[in-house]
Amino acid sequence: MKKLTLSFYQRPDVLKIARELLGKVLVTKLGPEGYRDETSGRIVEVEAYNGVVDKASHASGGRRTSRNEVMYGEGGISYVYLCYGIHHLFNVVTNRQETPHAILIRALEPIKGIDVMLERTGKKELDTSLTKGPGNVSKALGISFKQHSGLSLLSKEIFIAEDDFKLNKKDIIASPRIGVDYAGEDAKLPYRFFIRGNPFVSGSRQVNSR
DNA sequence: CATAGGATCGCCT
DNA sequence: GGCGATCCTATGT
C-alpha cells in the first residue's frame with residue numbers, strides 16, 4: 001500500500017479526484033492503543049463539493065467561517081464537521097489554498113480492524129450498516145470533528161492509500177448528491193459517485209446516470 | 001444573547 | 001416512509 005501524495009489531492013478537477021478515490025483505502029490509526037487500533041476500509045461512495053460556485057457546498061458563494069476555514073487550506077487535509085448534532089462527517093480537501101474544494105467520504109467496505117470498529121459503534125457483528133453512510137464511516141474509524149479536522153492526510157493518524165485493487169470505469173455510477181435539497185438547481189448535479197452493486201453503498205436508490 | 005436548522009441514522013409503523 | 005435524537009454553528013438583535 002502506498003499513501004496518496006499531495007500532487008494527487010492538489011489537482012484542479014474535484015470530480016476527477018472524487019472518481020479516483022473510489023477503490024482507494026482510507027486508514028486511521030487512532031486511540032490509546034496506537035497502531036493496534038488501526039482501522040481501514042475501501043472507499044465505495046463519495047460526493048464532490050465544487051467550491052464557491054456550488055450551492056450545496058459549505059463554501060458556497062465564498063462563505064468563510066471558523067467551521068469551514070480548513071476548506072480554504074491546501075489540498076490534502078481533512079475537513080470534519082458535526083451534522084445534526086450527532087454525526088461527524090469526514091471530507092477530503094482538494095485543490096490549492098483559497099480554492100475550497102472537498103470530497104465527502106460516504107461509505108467504505110471494511111478491510112482491517114473490524115473488531116475495533118464493532119467496539120466503537122457498539123455493534124455485535126459485521127453487517128453493511130457498519131460503514132454505510134458518512135456518519136457511520138466516521139464512527140467506525142474513530143474520526144471526530146474536534147480532534148481531526150484540518151489534519152494532514154499524509155499524517156500517520158489518518159491517510160488514504162492505494163493497493164493493487166483495480167476498478168473498471170464501467171462500475172462507477174454517478175447520481176445526484178443526497179440531502180442537499182436546499183441547493184436549488186445544484187442539488188441535481190451528478191456529483192455523487194459509487195461502485196456499482198457494492199452492498200455498503202448508502203441510499204435506497206442506486207440511481208444510474210453517467 | 002436567542003434561535004433555527006443541518007452534506008444523517010435507526011427505529012417505528 | 002415518517003420522525004425524533006441532539007448539539008454545534010451561523011446568523012440576527
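Naming convention: chains lettered A, B, ... in sequence-line order (proteins, then strands); numbering from 1 in each chain.
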Cation-pi check for A/Y81 against A/R67: NZ or CZ below 6.0 Å from the six-membered ring centre and within 45 degrees of the axis, yes or no? yes
Near A/F165 CZ, under 6.0 Å, is it more than 12 heavy atoms from other residues, nucleotides or ligands? yes
Could you identify the nucleotide paired to C/dG4, looking across every strand shown and requiring Watson-Crick or G-U wobble geometry with both distances under 3.5 Å? B/dC9
Could you tell me whether A/E20 and A/K24 have a side-chain N and a carboxylate O separated by less than 4.0 Å? no
Does A/L26 reach the side chain of A/F90, with side-chain heavy atoms less than 4.5 Å apart? yes
Starting at the 5' end of nucleotides 4-13 of chain C, put B wherever the base has a protein heavy atom under 4.0 Å, S where only the sugar-phosphate does, and a dash everywhere else. -BBBSSSS--
What is the pairing partner of C/dT11, taking Watson-Crick or G-U wobble pairs with both distances under 3.5 Å in any strand? B/dA2
Pi-cation contact, A/F159 with A/K3 (under 6.0 Å, within 45°): yes
Range on DNA chain B touched by chain A - first to last nucleotide, heavy-atom distance under 4.0 Å: B/dG6 to B/dG10
At under 4.0 Å between heavy atoms, what does A/L89 touch on the DNA or RNA strands: base, sugar-phosphate, or nothing? sugar-phosphate
Between A/E98 and A/R64 (salt bridge meaning N to carboxylate O under 4.0 Å), is one present in this structure? yes
At what distance, to the nearest 0.5 angstrom, does CZ of A/R42 lie from CG of A/L108? 10.5 Å
Within the structure shown, what part of the strands sits under 4.0 Å from A/K139 by heavy-atom distance: base, sugar-phosphate, or nothing? nothing
Can you tell me, in whole Å, how much space there is between the P of B/dA7 and that of C/dG1? 22 Å
Does the Lys NZ or Arg CZ of A/R11 fall within the cation-pi geometry relative to A/F8 - under 6.0 Å from the ring centre and within 45° of the axis? yes
Determine the interatomic distance between P on B/dA2 and the same-named atom on C/dT6; round to the nearest Å. 23 Å
With a 4.0 Å cut-off on heavy atoms, is A/N136 in touch with a base, just the backbone sugar-phosphate, or nothing at all? sugar-phosphate
